[in-house]
Amino acid sequence: MKSAKAAQVAIQRVIRAIPRGRVASYGEIAARAGLPRRARLVGRVLGESDGLPWHRVVRASGRSAFAPGSRGFREQCQRLRAEGVVVVSGKVDLARFGWQRDLDAEIWGGILR
DNA sequence: ACATTGACTCGCG
DNA sequence: GCGCGAGCCAATG
């Protein structure tokens with residue numbers, strides 16, 4: 001049973017699991033929800049559901065999915081910075097704040113060893 | 001059933 | 001880094 005509703009629930013669950021101070025891409029979320037190639041579906045669910053940490057979801061490039069300067073764009077940058085995420089030129093460094101691509105430990109571990 | 005529409009992604013130039 | 005085109009797929013009319 002792979003109903004659309006089941007997919008929606010799976011996606012919501014994954015998004016709620018994104019740690020504070022971290023971000024994840026649409027494709028990443030879809031994959032983690034067991035729905036490869038469903039990035040657009042993630043966007044749809046975000047728009048229809050509320051109560052989700054939508055601001056922690058960005059494009060694969062690290063940029064916001066909202067148009068630069070738009071309401072949602074500014075709101076997202078603001079919320080992210082509020083939880084410690086560094087946003088440079090409307091972009092997040094996935095190597096440092098990406099959820100899955102958590103190179104943080106390895107990078108610093110290597111330098112500070 | 002067909003066409004359009006995206007909070008997307010990737011490869012090319 | 002930016003624009004373009006192609007691939008993608010559920011929802012909508």
Side-chain angles (χ1 to χ4, degrees):
Chain A
M1 184 273 265
K2 287 184 177 179
S3 68
K5 183 167 291 184
Q8 183 178 351
V9 174
I11 290 171
Q12 296 177 325
R13 183 171 48 72
V14 173
I15 294 176
R16 272 192 291 266
I18 302 174
R20 197 170 172 289
R22 289 289 179 72
V23 299
S25 75
Y26 292 83
E28 221 174 285
I29 292 169
R32 235 179 124 81
L35 301 164
R37 290 185 287 287
R38 301 296 192 285
R40 302 192 102 124
L41 181 56
V42 173
R44 185 185 313 288
V45 173
L46 273 180
E48 296 171 354
S49 322
D50 36 28
L52 296 175
W54 59 271
H55 55 284
R56 297 186 190 138
V57 185
V58 297
R59 290 188 181 169
S61 61
R63 292 178 63 66
S64 169
F66 293 99
S70 68
R71 180 82 166 292
F73 180 86
R74 290 194 304 273
E75 176 75 15
Q76 183 164 38
C77 292
Q78 183 181 322
R79 284 174 178 253
L80 285 177
R81 284 195 262 253
E83 47 184 64
V85 176
V86 176
V87 184
V88 184
S89 301
K91 183 178 57 175
V92 173
D93 184 349
L94 295 181
R96 290 192 292 161
F97 302 101
W99 180 23
Q100 294 295 287
R101 352 212 153 172
D102 191 346
L103 309 179
D104 213 344
E106 293 180 38
I107 293 176
W108 288 100
I111 296 176
L112 303 177
R113 178 183 345 242

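In what follows, chains are A, B, ... by sequence order, proteins preceding strands, each numbered from 1.
Going from atom CD of A:Q76 over to atom OG of A:S70 covers 9.0 Å, rounded to the nearest 0.5 Å.
For A:R79, the side chain to side chain donor-acceptor pair (under 3.5 Å) partners two or more places apart in sequence, or in a different chain, are A:E75.
In terms of heavy atoms, A:R59 sits closest to A:Y26 at N-CE1, 3.9 Å.
Under the 4.5 Å side-chain contact rule for hydrophobic residues, A:V9 and A:I11 do not share a cluster.
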With sugar-phosphate taken as primed atoms, P, OP1 and OP2 and all else as base, the protein-contact string of nucleotides 3-10 of chain C at under 4.0 Å (heavy atoms; B, S, -) is ----BBSB
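A:G47 comes within contact range of at least one nucleobase, with a heavy-atom separation under 4.0 Å.
A:R38 places a side-chain N or O within 3.5 Å of a backbone atom of A:P36 that can act as its donor or acceptor partner. One N or O on the side chain of A:S64 and one on the backbone of A:F66 form a donor-acceptor pair closer than 3.5 Å.
With a cutoff of under 4.0 Å to any heavy atom of chain A, the contacted region of DNA chain B is bounded 5' to 3' by B:dG6 to B:dC10.
Between A:R44 and A:L41 the shortest side-chain heavy-atom distance falls below 4.5 Å.
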Please report the C-alpha distance between A:I29 and A:I15 in whole Å, then the side-chain angles of each, then the deciding distance to 0.1 Å, and finally whether the side chain to side chain contact (heavy atoms under 4.5 Å, CB included) criterion is met.
CA-CA 7 Å; A:I29 292 169; A:I15 294 176; 3.9 Å; yes
